[in-house]
Amino acid sequence: MAKFGVAFSGGGIRSAALCSGVLRRLLQKKASIDYLSCVSGGGYTGTSYLDWKYRNGKEDDPKWHQEYFEHLRTRSAIFCNWQKPCQGILDSIILFTMIISVAIIIPLLLWTSYACLLAFVIDFLFGDVLRGGDIPCARLARRRKITLQQCREERMNSATVMNQFILFASPIALGIVSSFAKSLLPRGKGLLTFLATSSFVFFGLVAIPWFIHEFLRFVPDWMKIVIILPSFFLWFSFPVMRTNATLLIVLYLYSFVIYWRVFNGDILHLEYDEIVFNHLMGVSTLLLWSAPIIGTIQQRIGHVYNRWRIQRALYTPESVGCCGCAGISWRDLFLRCPNCSSQVQRINQSHALTLEDLDDVKPTYISGVTINKWRRTTSPKEPDYELLTMSPHGIERLDRPSYEQEFDGKLMPSDIFLSDAMATSAAAVDHHMGKIEENSAHFKDLKVILGVAMGIAMVADTRHEEKRNCCLQTLPIVIEILRILPLMVFLIIYWHTDQEIYLAIGIILFFVILVLLTMMAVVSTGRKNPGRIERISRWFTINVAYVSFIRKTINMINQGPNPPPVLRLSDGGHIENLGILPLLKLRLTKIVVVNGGRTISDDLYGTTLLDALDVARKKLGCSFSGMDGRDIVEDIADNFVDRPPGSQPSSYKFKVQYYDKKLDGDGKTKVGEGEILLLAPRHPDKTIQKKSNSKWEDVLRDIDVDLEAGWGPGPEVTAEEVNRLTFCCCERCHGNRCRGLSEWMCGSFPQHTTSNQFFTQSMFTAYHREGYRVCMESNAAEFLIDGPITHENRASAYSTI
C-alpha cells in the first residue's frame, strides 16, 4: 500500500505555530498520514498532538481537536508567560537565575578551585628556578632589609638563566613533537593531542607567572586586564588558535594566582598571606570533591529546563502531572542511566508517555536528532556526526545498513520518554552541533567551560549498566572518594604539622589520579569486538564524570560500528532542518514538508531544501526532478524562488526516484518513486494575490467549529495584522512604532528570529493562520489521498472550498 508522510521542520515556536495550522487543515480533511517526522520546533506540535490523541482514545475527533489548538494558542508563551504579569515576572526570575548560575557562578566555582592547587605545585617543584632562590624576593627583602631590585640583581646569573630556559623550552619542544606526531599516528591521536595540550598548558603555567613578575608588576591593574583582550581576537583572526583562545584566558587568570604564591606579589592590591592561602586551599578541596556533581548538573540543567517548560505548556495534564514534571526526576540531572527503565522509576513516572506507548498510534512519530562524535568507520573523511531517528519502531542511524542493529537490546523506545525525544531534537545550542559546529568552532571550548548546553548525554547501553552486580554499581562512588581523599588527608596533616612536603604529596597524588583517569578518557572506542582496555574505558566514561568531561573537551571520536558509551545528542537541525530524510529513507509515495525554519531573504528560500536533497542523494541514493522532469535546481529557482513580490508561491511540488544498488554491485536500479510537496510561509504582500479572503465559516463548513474569537476572521492574514507583530513577550510590545528596530532585533513576519521563544498569542495565531492558508491553497490534504487522485475524490475531499 502507498505510504504517506508529513515532515514538520525546526524553527522553534514559530515553526510550531505554522505547523499547527497545517495540522488543523490536514485533520479537518482527514488526510492519510502514516508517518510524522519532526525536528526541533516542529516536534512541539507533533508530539503534543500525539500526546493529546493518545489521551483521547487514540482516535481523532473535532471536539478535542478544537480544545487542543486552543490550548496551544493560550500556552504559546512557553518560557515566559507575560499574559499574566505576575507569572511573567516569576518566569523571568527563574530563567535569569538559571542562566546566571549555569554560565557564571558555577564555572567560577569549578574552574577557580584548581588555581590554588596548581600554584602550590608550581611553587613546590619549580619555585626555586622561577625565583632564582628558595625565598621570594618580597620576603627576603624584608628579612635582610634590602630593596627588591638588589635581591633580583643578586639572583640574576648564568645558572638561573639556563635553568629557566630549560624549564620553558622543554614543554614547548614536547608539545611541537606531539603535534606533528598525531598526524602521523592516527590511532594515538587522542593521547598525543592530550600530551601536546598538556605541554603547552604547562609552559603557560610556568612562563606567564614569570612574565608577570618580570614585566607586568610595574603595569597598572587596568592594563593587566586589557592585555587579555587579544585572546578574544584569536577566536576570529587565527584559525589555529581559535580552539585554544579560552584556554589561554584561563591560563592567564591562573597565572596571577601562581604569581601570587611563587613571588609573594600582590593581586589587585591584595598582599600575599600564608593563612589566607591555606584557607583557600581548604575551600578548593571541598569544591573539587563536589565538582563532578555540580558539573554534571550544570551540563544537563538546560535540557531538563527546556523539556519541563515545553511539556508543561503543551502536553495534556494527564501526561505531565500537577507540576509538569512527570517523566523528569533527579536522575535526569546525572549522566548515569538518565532514563532508567527500572520498575521503581516507571511507577513514579507512570504519567509520562514513552515512545513505546505510541506504538499503535497513527501516524508513527519520528524524532530527528543529531548524534555527535561517532564515525562508523575509521576514515577521517567521514563526518563525525549523523542523523539519529527515534520512533516507536526503533532507534537507528540514518546511514545504518539493514544488517546492523546497533541499539537492539541496548537502547529501546521504552527507554525514551516522548518529551525527552522532543526536547533533544530541539537542543539548538550545544557543545557539539553537527555540521554547524565548524561555524562556531571558535566558541566551542568557551561553551564547554561555561556549561552552555541544551543537548543531552545518554548512556547507549542502559540495560547492561542496570544488570551489573552490586560492587560495580557502588564502585563509582568509591572512585569519587579516592579521587579526592589523598588531597584532603594530606591537607589536614599539613595544617597540623606545617610541613609543605605533606601537602605536596597530597596534591601530586591528586593530579596523578587525574592523569590516570585522563588516560582512560583517551582510549579509542567503537570497535565491533572491544578489548578489555576499551571495555574498561567505556565503563569509566559512563560512570566517572571527570572521564566523560575530558572526552567531551578534547573531542574524542568514537570510531566503529559499536555505539559510543555515551551518546552526545543535539538538535536534529544540525544535520537537516526539514525532517525529510527519515521519510525518504522509508521511500514513501507522497510526502508533505512544512518549512518553518527562518530564511533571511527571499533569494535563499530554496537553500534549506536543496541542502536536504543533496544529503539524500549522497546517503540514500535518491534522485530528484521537477514534475515535468526538469533539473531540480533550475525548477526550484524558476517556479519557487525567483518570483517577484505579489506572485511568490507558498508551495512547490517535485518528484523523487528511489534507487538500490544492484545485487552484482554494478550500478543502481530504480525501485520506486514518489512526490513531495513543500509548504512555506509568505508575507501577505509577497504571496500570490487573491481577489477576496476566505472566512472561517466558509472553510470550516464540514465541522461545527467557531473560530471567530481569538483566531481572526479567516485563514488569510493581512499586511496590517502581521506588520504590527513587533518585539515579543506581551501584547503591548506589538505596534507600528519602532518597526525598524524590532525587525533588526527580532525579525518580522514570517521570519521572526528562531531564538525568539517568547511568542504572544497574536504571533502564534498569525503563524497558525498562515499555515492553514498555505495548506489549503496548496491542496496538501487532497495530495495525501490513498490511491490515484481523480476528479471525483478530489472534489469530495474539498467540496467545502
One pair to check against salt bridge (Lys or Arg N to Asp or Glu O under 4.0 Å): E382 and R397. What are the steps and the verdict?
CA-CA 14 Å; E382 180 185 342; R397 282 175 56 122; 3.8 Å; yes
For R376 and E386: C-alpha separation, side-chain torsions, deciding distance, then whether salt bridge (Lys or Arg N to Asp or Glu O under 4.0 Å) applies.
CA-CA 10 Å; R376 290 185 60 258; E386 186 53 272; over 6 Å; no
Step-by-step salt bridge (Lys or Arg N to Asp or Glu O under 4.0 Å) determination, D430 to R568:
CA-CA 10 Å; D430 196 45; R568 308 291 182 186; over 6 Å; no
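Here the two rings, on F69 and H768, have centers that are under 6.0 Å apart. The ring of F749 has its center closer than 6.0 angstrom to the ring center of Y767.
M627 and K653 get closest at one heavy-atom pair: CG-O, 3.4 Å. Shortest non-hydrogen contact noted between G597 and S9 is N-OG, 3.4 Å. Across every non-hydrogen atom of V699 and R25, the tightest pair is O-NH1, 4.0 Å. The two residues L26 and C775 have their closest heavy-atom pair at CD2-SG, 3.8 Å. Considering all non-hydrogen atoms of both residues, Y68 and S48 come closest at OH-OG, 2.8 Å. P582 and T389 get closest at one heavy-atom pair: CG-CG2, 3.7 Å.
W711 places no side-chain N or O within 3.5 Å of a backbone atom of W696 that could act as its donor or acceptor partner. Side-chain atoms of T726 come within 3.5 Å of backbone atoms of C733 as a donor-acceptor pair (strictly under, hydrogens ignored). Not a single donor-acceptor pair under 3.5 Å links the side chain of Q648 to the backbone N or O of D642. The backbone N or O of D571 lies less than 3.5 Å from a partner atom in the side chain of T370, making a donor-acceptor pair. No donor-acceptor pair under 3.5 Å is formed between the side chain of E634 and the backbone N or O of I632. Panel note: side chain R773, backbone P715; no donor-acceptor pair is recorded below 3.5 Å. Between the side chain of T424 and the backbone N or O of A421, no donor-acceptor pair lies under 3.5 Å. Not one N or O on the side chain of S40 forms a donor-acceptor pair closer than 3.5 Å with the backbone of A426. The main-chain N or O of E673 is never found under 3.5 Å from a side-chain atom of K655 such that the two would form a donor-acceptor pair. Looking only at distances, a side-chain donor or acceptor of R769 sits under 3.5 Å from a matching main-chain atom of G714.
For the residue pair D51/S319, the side-chain donor-acceptor check at 3.5 Å is satisfied. No donor-acceptor contact under 3.5 angstrom links the side chains of H734 and S762, judged on distance only. No hydrogens or angles considered: a donor-acceptor pair under 3.5 Å links the side chains of S570 and N372. Judged by distance alone, the side chains of N595 and Y605 never bring a donor and an acceptor atom under 3.5 Å apart. Between the side chains of T316 and Y54, no donor-acceptor pair of N or O atoms lies under 3.5 Å. The closest side-chain donor-acceptor pair between S20 and Y49, if any, does not fall under 3.5 angstrom.
Under the 4.5 Å side-chain criterion, counting only non-hydrogen atoms from C-beta, F8 is in contact with V6. Annotation: side chain of V722 is not in contact with side chain of P750 (no heavy-atom distance under 4.5 Å). Side-chain contact between L355 and L418 is present, with heavy atoms from C-beta onward closer than 4.5 Å. Counting heavy atoms from C-beta on, the side chains of K362 and S32 come closer than 4.5 Å. Residues T760 and S76 form no side-chain contact, since every pair of their non-hydrogen atoms from C-beta on lies 4.5 Å or further apart. Using a 4.5 Å heavy-atom cutoff, the side chains of V615 and L387 are not in contact.
Between W374 and F407, the two ring planes are perpendicular [angle over 60°; tilted spans 30° to 60°].
None of K29, K53, R24, K30 except one satisfies the salt bridge (Lys or Arg N to Asp or Glu O under 4.0 Å) rule with D60; the exception is K53.
Note that R682 lies in the cation-pi zone of F640, set by a 6.0 Å cut-off to the ring centre and a 45° limit from the axis.
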